[in-house]
Amino acid sequence: MNVTNPSEIKKFWNENPVGSNFIDYTEGKEFYEKYDEFRYRTESHILLELDDIDFRGKKVLEIGLGQGADSMQIIKRGAIYYGIDITEESVRRVKKRFKLYNIPYQEVLVANAESIPFDSDFFDIVYSHGVIHHSENIVKIVNEIHRVLKKGGIAVVMLYHKNSFDYYMSISIFRRIGLILLIVFPFLIKIISMITGEGTERIHKHISNLKARGFPYLKMKNFIHKSTDGPENVFSSVWTIRSSKKLFKSFNNISIRIHFLNERHLLGIQNFLPKSVKHMLSKHYGWHLWISTTK
């Protein structure tokens with residue numbers, strides 16, 4: 001039984017397109033250039049993963065468009081591109097990007113991935129980065145991905161990784177203890193904001209949530225939703241390698257790689273860690289599960 005309202009999820013992402021807390025939106029190329037630089041500087045593995053996929057001449061569906069950074073990269077690599085997003089704002093921004101850069105595409109639609117508006121056996125590749133784990137109906141979405149893929153087609157999906165440094169250290173320990181300390185020592189808010197890049201407005205919202213809801217706010221079954229994509233985020237789920245394989249059990253040849261140590265949440269410790277240690281943590285305990293599998 002679902003406990004969240006899908007319209008609330010849509011409302012949140014329509015008002016908070018991914019990355020908007022880091023780069024302020026403005027009309028024009030400057031925003032997209034700043035956003036892409038930030039995205040691929042902090043998550044450089046994305047471009048490497050995209051380089052390993054043969055998009056040339058393939059019909060590709062992207063689920064969840066964000067600011068259209070990956071969309072443009074996929075098209076540059078030769079894809080025949082289709083995209084869907086649950087929000088009008090993301091679709092508007094991506095169409096704006098494509099117009100500014102004269103990028104060719106087939107269709108970009110407002111649609112829910114729980115009911116993908118394309119025929120069965122239509123796409124060669126379905127790509128979705130950090131999106132479908134925000135739906136309680138993720139099994140239904142995976143079934144839809146399977147339906148619209150051609151036989152032999154490839155699904156490439158990123159899910160949040162439960163067995164990660166981010167989940168067990170940053171979210172479970174650092175952030176929960178940190179919020180309690182910030183209530184006692186509010187002068188630390190600006191310092192934490194400077195160290196982590198987290199806006200003071202979001203930190204204050206976490207504190208007001210904690211004051212209003214008490215310690216149940218910090219229970220992991222509640223806090224996981226608020227600590228992945230902001231204190232007003234409605235729903236997030238986290239996955240292990242084992243549960244991901246079960247989720248994609250109707251597919252074949254599943255491959256899973258682990259990426260991304262979120263250094264913003266290391267509170268300055270990252271400046272003293274050798275690159276080899278950060279690489280090891282990212283490879284084994286990173287926040288992103290990259291799943292590649294075949295129909």
Side-chain angles (χ1 to χ4, degrees), residues 12-13 15-26 28 30-47 66-67 69 93 129-130 134 160-161 164-215 217-218 220 222-234 236 238 259-282 285-288:
F12 170 75
W13 289 108
E15 295 174 354
N16 302 274
V18 64
S20 56
N21 55 310
F22 298 112
I23 308 294
D24 292 332
Y25 181 74
T26 56
E30 184 178 6
F31 164 76
Y32 296 105
E33 290 167 358
K34 286 182 178 179
Y35 176 79
D36 291 3
E37 189 280 329
F38 170 80
R39 179 173 179 80
Y40 298 127
R41 172 169 45 84
T42 56
E43 301 177 50
S44 58
H45 60 276
I46 294 176
L47 294 179
Q67 309 287 356
R93 293 189 186 191
H129 186 277
H134 293 298
Y160 289 150
H161 184 204
S164 63
F165 182 93
D166 215 76
Y167 182 84
Y168 281 113
M169 297 299 294
S170 179
I171 296 174
S172 299
I173 299 175
F174 296 161
R175 294 189 218 179
R176 292 198 291 177
I177 293 175
L179 278 178
I180 296 171
L181 291 175
L182 290 177
I183 290 177
V184 180
F185 305 108
F187 66 89
L188 291 173
I189 291 174
K190 288 186 177 179
I191 296 173
I192 295 299
S193 177
M194 289 176 59
I195 293 174
T196 64
E198 192 81 353
T200 56
E201 183 179 344
R202 285 170 64 136
I203 296 174
H204 280 294
K205 181 60 180 176
H206 273 300
I207 292 171
S208 65
N209 285 350
L210 178 55
K211 288 180 177 178
R213 303 174 197 177
F215 281 102
Y217 179 71
L218 295 179
M220 283 303 286
N222 301 320
F223 194 57
I224 185 61
H225 308 304
K226 308 302 178 184
S227 58
T228 57
D229 293 87
E232 295 177 296
N233 180 47
V234 180
S236 295
V238 290
H259 291 293
F260 189 47
L261 178 67
N262 196 341
E263 295 190 22
R264 292 192 306 109
H265 299 137
L266 292 178
L267 302 176
I269 298 173
Q270 69 272 20
N271 297 321
F272 302 97
L273 292 176
K275 286 185 177 180
S276 59
V277 173
K278 289 192 282 188
H279 176 73
M280 181 276 294
L281 289 173
S282 176
Y285 305 105
W287 182 226
H288 293 177

message: Does any part of the side chain of V238, heavy atoms only, come nearer than 4.5 Å to the side chain of W287, both counted from C-beta?
response: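 With C-beta onward as the side chain, the pair touches.
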Non-hydrogen side-chain atoms of I192 and E198 separated by less than 4.5 Å: no
Rounded distance [0.5 Å steps], [atom1] in [X] versus [atom2] in [Y]:
{"X": "I203", "Y": "S193", "atom1": "CD1", "atom2": "OG", "answer": "5.0 Å"}
{"X": "I189", "Y": "L181", "atom1": "CD1", "atom2": "CG", "answer": "11.5 Å"}
{"X": "H288", "Y": "S164", "atom1": "NE2", "atom2": "OG", "answer": "9.5 Å"}
{"X": "T228", "Y": "D166", "atom1": "OG1", "atom2": "CG", "answer": "9.5 Å"}
{"X": "S172", "Y": "I177", "atom1": "OG", "atom2": "CD1", "answer": "10.0 Å"}
{"X": "Y40", "Y": "I46", "atom1": "OH", "atom2": "CD1", "answer": "6.0 Å"}

task: Start with the C-alpha gap between Y217 and H206, add the side-chain angles, then the distance that decides, and say whether side-chain hydrogen bond (donor to acceptor under 3.5 Å, both in side chains) holds.
output: CA-CA 9 Å; Y217 179 71; H206 273 300; 2.8 Å; yes
field: ring-ring contact (aromatic ring centres under 6.0 Å, His included) against H134, all qualifying residues, sequence neighbours excluded
entry: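 For H134 the ring-ring contact (aromatic ring centres under 6.0 Å, His included) partners, ignoring immediate neighbours, are W13, Y160.
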query: In chain order, what residues pass the ring-ring contact (aromatic ring centres under 6.0 Å, His included) check against Y32, with sequence neighbours excluded?
result: none
query: Any salt bridge between R202 and D229, counting N to O under 4.0 Å?
result: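 Answer for the salt bridge query: no.
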May I ask you to decide if [Y]'s main-chain N or O and [X]'s side chain share a donor-acceptor pair within less than 3.5 Å?
{"X": "S282", "Y": "H259", "result": "no"}
{"X": "N209", "Y": "P231", "result": "yes"}
{"X": "H225", "Y": "S236", "result": "yes"}

task: Apply the test side-chain contact (heavy atoms from CB on, under 4.5 Å) to residues I224 and I171: give CA-CA distance (whole Å), side-chain angles for both, the deciding distance (0.1 Å), then the verdict.
output: CA-CA 7 Å; I224 185 61; I171 296 174; 4.1 Å; yes
Could you list the residues that satisfy side chain to side chain contact (heavy atoms under 4.5 Å, CB included) with [X], not counting sequence neighbours?
{"X": "K278", "result": "L261, E263, Q270, L273"}
{"X": "H279", "result": "K283"}
{"X": "K34", "result": "I23, E30"}
{"X": "F187", "result": "F185"}

Residues in salt bridge (Lys or Arg N to Asp or Glu O under 4.0 Å) contact with E37, at least two apart in sequence or another chain: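 Checked E37 against salt bridge (Lys or Arg N to Asp or Glu O under 4.0 Å); matches are R41.
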field: Counterpart residues, salt bridge (Lys or Arg N to Asp or Glu O under 4.0 Å), relative to E15 (two or more places apart)
entry: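 Counting only residues at least two positions away or on another chain, E15 forms a salt bridge (Lys or Arg N to Asp or Glu O under 4.0 Å) with K11.
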task: Determine whether more than 12 heavy atoms belonging to other residues, nucleotides or ligands lie under 6.0 Å from atom OH of Y285.
output: no
task: Might you confirm whether atom CE of M194 has over 12 heavy atoms from other residues, nucleotides or ligands at distances under 6.0 Å?
output: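 No, not enclosed.
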field: For Q67 against V18, the heavy-atom pair lying closest together
entry: NE2-O, 3.0 Å
task: Cation-pi check, R93 to Y25: give yes when NZ or CZ is under 6.0 Å from the six-membered ring centre and within 45° of the ring axis, no otherwise.
output: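 So R93 does make the cation-pi contact.
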task: Mind jotting down which residue pairs meet the salt bridge (Lys or Arg N to Asp or Glu O under 4.0 Å) criterion with at least one end in residues 177-189? Sequence neighbours excluded, please.
output: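 Every candidate salt bridge (Lys or Arg N to Asp or Glu O under 4.0 Å) pair involving residues 177-189 fails, so no pair, neighbours aside, qualifies.
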task: List for me each residue that meets side chain to side chain donor-acceptor pair (under 3.5 Å) alongside R213, sequence neighbours excluded, and say none if there are none.
output: none
message: If the condition is side chain to side chain donor-acceptor pair (under 3.5 Å), which residues does E201 pass it with, not counting sequence neighbours?
response: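 With sequence neighbours excluded, E201 shows a side chain to side chain donor-acceptor pair (under 3.5 Å) to no residue whatsoever.
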- prompt: side chain to side chain donor-acceptor pair (under 3.5 Å): which pairs involve residues 176-191, sequence neighbours left out?
  reply: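 Qualifying pairs: none.
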task: Determine, stepwise, if the pair N222 / F215 fulfils side-chain contact (heavy atoms from CB on, under 4.5 Å).
output: CA-CA 10 Å; N222 301 320; F215 281 102; over 6 Å; no
- request: Would you please test H161 and Y167 for side-chain contact (heavy atoms from CB on, under 4.5 Å) and show each step?
  value: CA-CA 8 Å; H161 184 204; Y167 182 84; over 6 Å; no
